[in-house]
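Because the structure is a prediction, the values reported are computed rather than measured. The sequence lines fix the lettering, A, B, ..., with proteins before strands; numbering per chain opens at 1.
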Amino acid sequence: QEKWASLKIGEIDLETATDPYYLLVEFPYPSGDLHIGHWYAFALTDMYARMLRQRGKDVLFPIGFDAFGLPAENAAIKHGVDPKEWTMANIERMRRQLMSMGSSFDWSKEVIACDPSYYQWTQWLFTKLFEHGLAVRKTAPVKWCPKDQTVLANEQIIDGKCERDGTPVEERILTQWFLKITDYAERLLEGLNTLPWREEIKEAQRAWIGKSEGAFLYFAIPGTEAKIKVFTTRPDTVFGATYVVLAPEHALVGVLDVENRAEVDAYVTATGRKTERERSENKEKTGVRLKGVTATNPATNEEIPVFVADYVLNTYGTGAVMAVPAHDERDFEFAKRHKLPVRIVVEGGVGHDPYTGPGTLIESGTWSGRQSEDAKWEMIEHVGGERTTNYRLRDWLVSRQRYWGCPIPIVYDPEGRPHPIPAEHLPWLLPTDVDFKPSGEAPLASSKELKERVTRIFGEGWTPEYDTLDTFVDSSWYFTRYLDPKDANQFSDQTLMKKWLPVNRYSGGSEHTTMHLLYARFFMKALYDLALVPVEEPFEERFNRGLIMGTDGQKMSKSKGNVLNPDEFVAKFGADAVRVYLAFIGPYNEPGSYPWNLDGVASMRKFLERVARMAENATADGSDVATAQTAAKVAEDGDRFKFNTGVAALMTLLNSFEEHEHVSIRSARAFITMLAPFAPHLAEHLWEKLGGEGSVHRTSWPESTVEQAELVEVVVQVNGKRRGSLMLSPAAAESEALLAAKSIASIASALDGTEPRRTVYVPGRIINLVI
RNA sequence: GCCAAGGUGAUGGAAUUGGUAGACAUACAGGACUUAAAAUCCUGAGAGGGCCUAAAAACCCUCAUGUGGGUUCGAGUCCCACCCUUGGUACCA
């Protein structure tokens, strides 16, 4: 490791590089200790970085720390430590651990998200988004975690509970900063079509964006000017709409002149107190009729009742639906419970109740007899509606009422209008005189210094923004900063971005598919539109790695007591054995889950010892062993992130090496060169023993052109079943192959004197005789 | 429910565009070395059967990649239906 450090094995000169390859792995949160998941993430990507360097690429393989976030703040609250000191100490420890696994990161490009020299540019980019209307303030009901005393993003809520601590989420109304990711919904979808990512990842993003084609229809309220605007994907069923439902939070609920105001208000209050989880858990369709209020069905002109019910979400569509109980399951249930009429307007399906598929329209005026799918879009116009596209994706809420995050670079004038903090005042430093204890108020509000700073710079009556940014903002652009990490004048370098972006390959966890990965894509597209970056899509290839499970096949967790500490294995078997084991455990190009096998690590140690014995026994006049085929195979498997079969190929080669008492130093060196990405320490050691010059990690990959063998085995089948084989030139003609095949005893007996009526011949591979 | 990815020996897994299923390992069994063990090395092995045998090797056959069909000279791979597992997602109108 010292040798590599002095040789600067991992460092790359971005400007002079001629064959650039940008290999990126998600930068870690500095939690303190490296677990097996970290090893899996960093050791295997390191293998590919090393391999590519040996194969002549100029590889950028950077590392940094996603260093803002809750754990530091929680440590501050719990143990009274300074979040910054806590974080920096963890970073120092993780740096040493990352080096100890034998990684070859380019540390000269390191970025740390909580360092002012980094977050200065997070802030600057935010002000650019603000100036172009992509960062906006909105009043909105937000999800609130009562334990963390903070607002949560939708993405941080799992089953209505806080992702971090499982506390049931509450709702609050606050003014928050949002990034307008919804403006990019369509382009984020389109971009997926051109990316060569696994379908799995693309589908998850598509589902998250949740595009649906439909229409806005309007239901007038007689006696008022008001109209209820609904979103529907089934305008073809409008003749079957027998009532209208408003979400409890819908603006009209409080405004309309209802006869049973007290009852309605009580219902709204009761549902407002419920968490979304409770609402969805209780599948019973509760609701209250707005007495004295009706809506006009724009197709039938009938007056139909209006309800408020919590099965309608205010956050999707318009917060109001036209209910068609005959053709929607939820409406059907609600209608049954409240004894509302069910009117069938689409014929189709048998035994379905309700029937939700397409079919022939009935009871639909002049549209009767038409196919629902055909008539759908024409009917919108007829009822005065408009065609529209709705997305499930919501704007990205980035405000956090927390301390340990990037301060939002905004100040408010005496009238309360937001202004971006001018570039000359960036970085807008996180104040240090704050009270961390959660009080329901943002911690920054307790800083005297921050208020004084705003008054001094902007004047009396000006006030600071107290919220900090979601850490996903920090991680949405870090890969551009790696190209120019120390620049005090710009967030990155245009020339270098043109040369190095998009990232060639991005490796990370599948848990980031719909959050980080989508945010980073949005950021790139927005910055592209502002002419700040040269590419629209940040990542050319994306690989989601799998999960390493405990020895019991269960996910490792403290509560299950099956957490394995990599340090123990490193101490016992060495970093190389752990690396090779992780490579061998399963394919890295798909997100599977692999149980840790204690014997497995030990067996990798044995493999490495066998390699060492082989190399130590190598002599100048030993046997030459063909290595070209293995060199091609290992390289190809590396390109596919299939390190398991790459290692297997090396094991196979070692087996054939061991058939010789001594192999030549030349062959041994070729082997060691190929082992180097996987077991870099042992390879370097053996390289020196074999008298190699410099570092094995600076050698080039062994020759991998395989000479075409003169004779290859061709399998002979009779009626598709293997009945023998013969050695044949790949260039042999079919007639020659047929003649040779027939002369084999086992074939002759299988043919039993019958002349094949057909022959299928694949040169160099197979000949099939059909009788 | 919907979407996606999967289902191959005891286990992890392998198998270019359809072309020798089970590479490479682990575990297991037997053997060598050892007083013994560990380590190391060698050998065996999908299931069942046949032939020849004192016994074995070699050889041969049948079946076998979740289940049932289909396409094809040939299917783990392609198509249809179903079952199961994992992941994502959900009163999304």
If you only use heavy atoms from C-beta on, which nucleotide in [options] is closest to the side chain of [X]?
{"X": "A:Arg640", "options": "B:A15, B:A93, B:G19", "result": "B:A15"}
{"X": "A:Tyr311", "options": "B:C24, B:C91, B:U26", "result": "B:C91"}
{"X": "A:Tyr316", "options": "B:U20, B:A15, B:C92", "result": "B:C92"}
{"X": "A:Asp599", "options": "B:C73, B:A25, B:U26", "result": "B:U26"}
{"X": "A:Lys721", "options": "B:U40, B:G19, B:C63", "result": "B:C63"}
{"X": "A:Arg765", "options": "B:G12, B:A15, B:U17", "result": "B:U17"}
{"X": "A:Asp310", "options": "B:C73, B:A14, B:C91", "result": "B:C91"}
{"X": "A:Phe231", "options": "B:U20, B:C24, B:A93", "result": "B:A93"}
{"X": "A:Phe584", "options": "B:G12, B:U89, B:C61", "result": "B:G12"}
{"X": "A:Arg330", "options": "B:C41, B:C91, B:C24", "result": "B:C91"}

Could you let me know what [N] is paired to, Watson-Crick or G-U wobble, both distances under 3.5 Å, or none if it's on its own?
{"N": "B:A27", "result": "none"}
{"N": "B:U20", "result": "none"}
{"N": "B:G74", "result": "none"}
{"N": "B:U86", "result": "B:A4"}
{"N": "B:A39", "result": "none"}
{"N": "B:G68", "result": "B:C80"}
{"N": "B:A57", "result": "none"}
{"N": "B:U62", "result": "B:A47"}

Does a side-chain N or O from [X] land closer than 4.0 Å to OP1 or OP2 of [N], or not?
{"X": "A:Lys202", "N": "B:G88", "value": "no"}
{"X": "A:Asn390", "N": "B:A93", "value": "no"}
{"X": "A:Asn655", "N": "B:A25", "value": "yes"}
{"X": "A:Lys642", "N": "B:A14", "value": "yes"}
{"X": "A:Arg723", "N": "B:C61", "value": "yes"}

Length of the [atom1]-[atom2] vector between [X] and [N], whole Å:
{"X": "A:Ile548", "N": "B:G13", "atom1": "CD1", "atom2": "P", "value": "10 Å"}
{"X": "A:Lys211", "N": "B:A93", "atom1": "NZ", "atom2": "C1'", "value": "18 Å"}
{"X": "A:Leu246", "N": "B:A93", "atom1": "CG", "atom2": "C1'", "value": "13 Å"}
{"X": "A:Gln629", "N": "B:U16", "atom1": "CD", "atom2": "P", "value": "15 Å"}
{"X": "A:Ile585", "N": "B:C24", "atom1": "CD1", "atom2": "P", "value": "20 Å"}
{"X": "A:Glu511", "N": "B:G88", "atom1": "CD", "atom2": "P", "value": "10 Å"}
{"X": "A:Arg610", "N": "B:A25", "atom1": "CZ", "atom2": "C1'", "value": "10 Å"}
{"X": "A:Glu658", "N": "B:U40", "atom1": "CD", "atom2": "C1'", "value": "11 Å"}

>> Using 30° and 60° as the class boundaries, would you call the ring planes of A:Tyr311 and A:Phe334 parallel, tilted or perpendicular?
In response: tilted
> Is there a side-chain contact between A:Thr652 and A:Gln629, using heavy atoms and a 4.5 Å cut-off?
Replying inline: no
Going by an N to O cut-off under 4.0 Å, is there a salt bridge joining [X] and [Y]?
{"X": "A:Lys211", "Y": "A:Glu186", "answer": "yes"}
{"X": "A:Glu333", "Y": "A:Arg337", "answer": "no"}
{"X": "A:Arg640", "Y": "A:Glu590", "answer": "no"}
{"X": "A:Lys742", "Y": "A:Glu755", "answer": "yes"}

What distance, rounded to whole Å, do you find between the two [atom1] atoms, one in [N] and one in [M]?
{"N": "B:C59", "M": "B:U40", "atom1": "C1'", "result": "34 Å"}
{"N": "B:C52", "M": "B:G46", "atom1": "C1'", "result": "25 Å"}
{"N": "B:C41", "M": "B:G49", "atom1": "P", "result": "35 Å"}
{"N": "B:G19", "M": "B:C82", "atom1": "C1'", "result": "29 Å"}
{"N": "B:A29", "M": "B:A37", "atom1": "P", "result": "14 Å"}
{"N": "B:A64", "M": "B:C79", "atom1": "C1'", "result": "22 Å"}
{"N": "B:U65", "M": "B:G70", "atom1": "P", "result": "15 Å"}
{"N": "B:A47", "M": "B:U86", "atom1": "C1'", "result": "29 Å"}

>> Please encode protein proximity along nucleotides 2-7 of chain B as a string of B, S and -, counting only heavy-atom distances under 4.0 Å.
In response: -SSS--
> If you pin A:Gly586 and A:Tyr391 to their nearest nucleotides in RNA chain B, which one's is more 5'?
Replying inline: A:Gly586
> RNA chain B: A:Asn719 or A:Asp637, which has the more 5' nearest nucleotide?
Replying inline: A:Asp637
> Using a cut-off of 4.0 Å on non-hydrogen atoms, how would the nucleic acid contact of A:Glu713 be classed: base, sugar-phosphate, or nothing?
Replying inline: base
>> Between the base of B:G1 and the side chain of A:Glu329, is one N or O donor paired with an acceptor at under 3.5 angstrom?
In response: no
Are [X] and [Y], when compared by the centres of their aromatic rings, separated by less than 6.0 Å?
{"X": "A:Phe573", "Y": "A:Tyr581", "answer": "no"}
{"X": "A:Phe569", "Y": "A:Trp39", "answer": "no"}
{"X": "A:Phe607", "Y": "A:Phe584", "answer": "no"}

>> Is B:G9 syn or anti, taking syn as a glycosidic angle within 90° of 0?
In response: syn
>> On a heavy-atom basis, which atom in A:Ile744 and which in A:Val716 lie closest, and how many Å separate them?
In response: CD1-CG2, 4.1 Å
> Between A:Asp395 and A:Thr182, do the side chains contain an N or O donor and an N or O acceptor separated by less than 3.5 Å?
Replying inline: yes
